[in-house]
> 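Next up is a structure, given as structure tokens.
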Amino acid sequence: MRPIGGRLAGLGYRDGVPLTDPGLVARMRPFASTIFAEITALATRTGAINLGQGFPDTDGPTTLLDAAVAAIRGGANQYPPGPGVPELRTAVADHQRRFYGLEVDPETEVLVTAGATEAIAAAVLALCEPGDEVVTFEPYYDSYAASIALAGAQRRTVPLRVPEGPDGPDQREFGFDEARLRAAFGPRTRLVLVNTPHNPTGKVFTRAELELIGALAAEHGAVVVTDEVYEHQVYDDRVHVPMATLPGMAEHTLTISSAGKTFSVTGWKIGWVHGPAPLVAAVRAVKQFLTFVSGGPFQPAVAGALGLGDEFYLGLVAELQRKRDLLAAGLDAAGFEVFTPGGTYFVVADARGLGFDDGVDLCRRLPELAGVAAVPVSVFTDDKEASRSLVRFAFCKRDEVLGEAAERLGRLAGRRTSR
């Protein structure tokens with residue numbers, strides 16, 4: 001079987017062809033192809049249901065879509081202002097006050113970006129010198145490692161693990177060891193990159209965990225960058241706690257979010273970052289030489305959507321929690337051990353009960369075995385062995401798609417083995 005690409009094969013591939021261009025600098029060669037492109041290509045080639053890449057298969061609110069069309073027809077098709085259109089920056093500030101009690105100056109403390117991915121990259125590039133260290137948690141979203149490499153910085157990872165226990169994986173949550181976190185900090189620590197709710201594990205960091213992270217960052221003079229794109233996808237009465245709401249942390253935190261996940265418009269790539277004016281200005285200085293600006297007609301549409309009533313946000317949580325439970329039940333019936341997520345729209349499952357110790361191998365074969373595509377968690381880690389048998393599935397799909405995927409995954413039930 002031809003390698004399906006990049007990080008699954010351990011080499012750089014694009015469309016199944018090895019990347020041998022010597023022009024790519026060494027530090028970026030591990031990132032020549034993303035896992036998401038590879039799995040999507042595999043799903044397309046095999047006709048599998050793609051639960052690997054995290055994008056919804058329905059559009060966002062009609063009011064949002066209509067507002068974008070109106071903006072296009074109204075002539076909002078040229079360069080928007082560099083920091084973002086004023087109505088969106090104001091809407092971001094209003095959103096942070098409404099949901100979290102944060103006071104943000106839309107003029108100097110908000111920057112609109114080409115999705116959260118650009119905000120992360122621009123923040124790392126703006127604040128890190130070569131040789132600086134960035135503390136982050138693994139598994140990590142793959143753009144974190146790439147952004148750190150682009151800056152010539154070094155990542156220091158803290159593993160998120162599920163403790164062994166008698167109550168079954170659905171009763172246990174990913175956590176980290178305090179000693180490992182403390183050991184990750186040092187004299188060259190410049191940034192701490194936190195993702196909560198966390199992709200891919202679905203972990204929602206607790207206030208106590210964030211307080212510890214913030215205290216260590218303050219002790220070492222580090223800036224905290226928080227990726228909060230799943231802020232409105234938190235389940236089972238959990239609460240999303242922004243780092244910037246903790247005492248003393250607003251002055252040292254850059255908060256990143258976006259419209260894509262909340263409003264099911266991932267292709268629009270409208271994100272934002274807010275924080276202290278000097279830090280935001282540093283990010284803007286880099287961002288202007290990446291995309292300069294983007295999404296002119298989408299920005300005012302997103303501004304309106306951020307002001308939707310509570311019924312929208314509550315409905316989003318209820319719908320996704322139901323979808324989570326639907327897919328989790330199908331995975332459990334198929335023989336996976338399921339780690340029920342507290343947030344995001346991903347479920348992580350252990351494939352060892354099906355006789356697969358290697359999640360990479362399973363994800364290569366899953367489209368053939370069951371007609372479903374997923375992503376191995378080990379591609380998001382430095383320590384491959386610790387997450388070797390874990391696989392991530394996305395549940396932000398229509399009910400009929402999830403039902404069909406669960407039925408197809410049932411083909412694996414016969415592979416269940418004794419543990």
> Assert yes or no for the condition that the ring centre distance of Phe263 to Phe312 is strictly below 6.0 Å.
yes

> Does the gap between the ring centers of Tyr230 and Tyr345 come in under 6.0 Å?
yes

> Less than 4.0 angstrom from a charged side-chain N to a carboxylate O is my criterion; do Arg97 and Glu103 meet it?
yes

> Which residues pass the salt bridge (Lys or Arg N to Asp or Glu O under 4.0 Å) test with Glu407, sequence neighbours left out?
none

> Salt bridge (Lys or Arg N to Asp or Glu O under 4.0 Å) with Asp57: which residues, sequence neighbours excluded?
Arg398

> Where the side chain of Lys397 meets the backbone of Pro56, is there a donor-acceptor pair that is under 3.5 Å apart?
no

> Please confirm whether Arg324 makes a cation-pi placement over Phe395, using NZ or CZ under 6.0 Å from the six-membered ring centre and within 45° of the ring normal.
no

> Taking the side chain from Asp361 and the backbone from Cys363, do they hold a donor-acceptor pair closer than 3.5 Å?
no

> Run His232 and Phe99 through ring pair (Phe, Tyr, Trp, His ring centres under 6.0 Å) and show every step you take.
CA-CA 10 Å; His232 290 297; Phe99 286 99; 4.7 Å; yes

> Go through the side-chain N and O atoms of Glu138 and Thr157 and say whether any donor and acceptor fall under 3.5 Å apart.
yes

> Any ring pair (Phe, Tyr, Trp, His ring centres under 6.0 Å) involving residues 108-137? Give me the pairs, sequence neighbours left out, ordered by first then second residue.
Phe137-Phe176, Phe137-Phe205

> Give a yes or no on whether a salt bridge exists between Arg155 and Asp132, defined as a side-chain N under 4.0 angstrom from a carboxylate O.
no

> For the aromatic rings, using the six-membered ring if either is Trp, is the centroid distance between Phe380 and Tyr141 under 6.0 Å?
no

> Sub-3.5 Å donor-acceptor pair from the side chain of Thr136 to the main-chain atoms of Leu193, do we have one?
yes

> Do Tyr144 and Asp227 pair up side chain to side chain, a donor and an acceptor below 3.5 Å, judged on atom types alone?
yes

> Checking the side chain of Arg29 only, and the main-chain atoms of Leu24 only, is there a donor and an acceptor separated by less than 3.5 Å?
yes

> Between the main-chain N or O of Gly115 and the side-chain N or O of Thr113, is there a donor-acceptor pair closer than 3.5 Å?
yes

> Strictly below 4.0 Å, N to O, side chains only: are Arg411 and Glu368 in salt-bridge contact?
no

> With a 4.5 Å heavy-atom cut-off, do His274 and Gln96 have their side chains touching?
yes

> Determine, for Arg322 against Asp399, whether the closest basic-nitrogen to carboxylate-oxygen distance falls under 4.0 angstrom.
yes

> Of all heavy-atom pairs between Leu127 and Arg190, which one has the smallest distance, and what is that distance?
O-NE, 2.6 Å

> Return yes if some donor-acceptor pair links the side-chain N/O of Lys261 with the main-chain N/O of Val229 below 3.5 Å, else return no.
no

> Hey, do the aromatic rings of His240 and Tyr100 have their centres closer than 6.0 Å?
yes

> Side-chain contact, heavy-atom cut-off 4.5 Å: Gln154 with Ile148?
no

> Would you call Asp105 and Arg89 a salt bridge, taking side-chain N to carboxylate O under 4.0 Å as the test?
no

> Looking at side-chain heavy atoms only, is the closest gap between Phe185 and Arg156 below 4.5 Å?
no

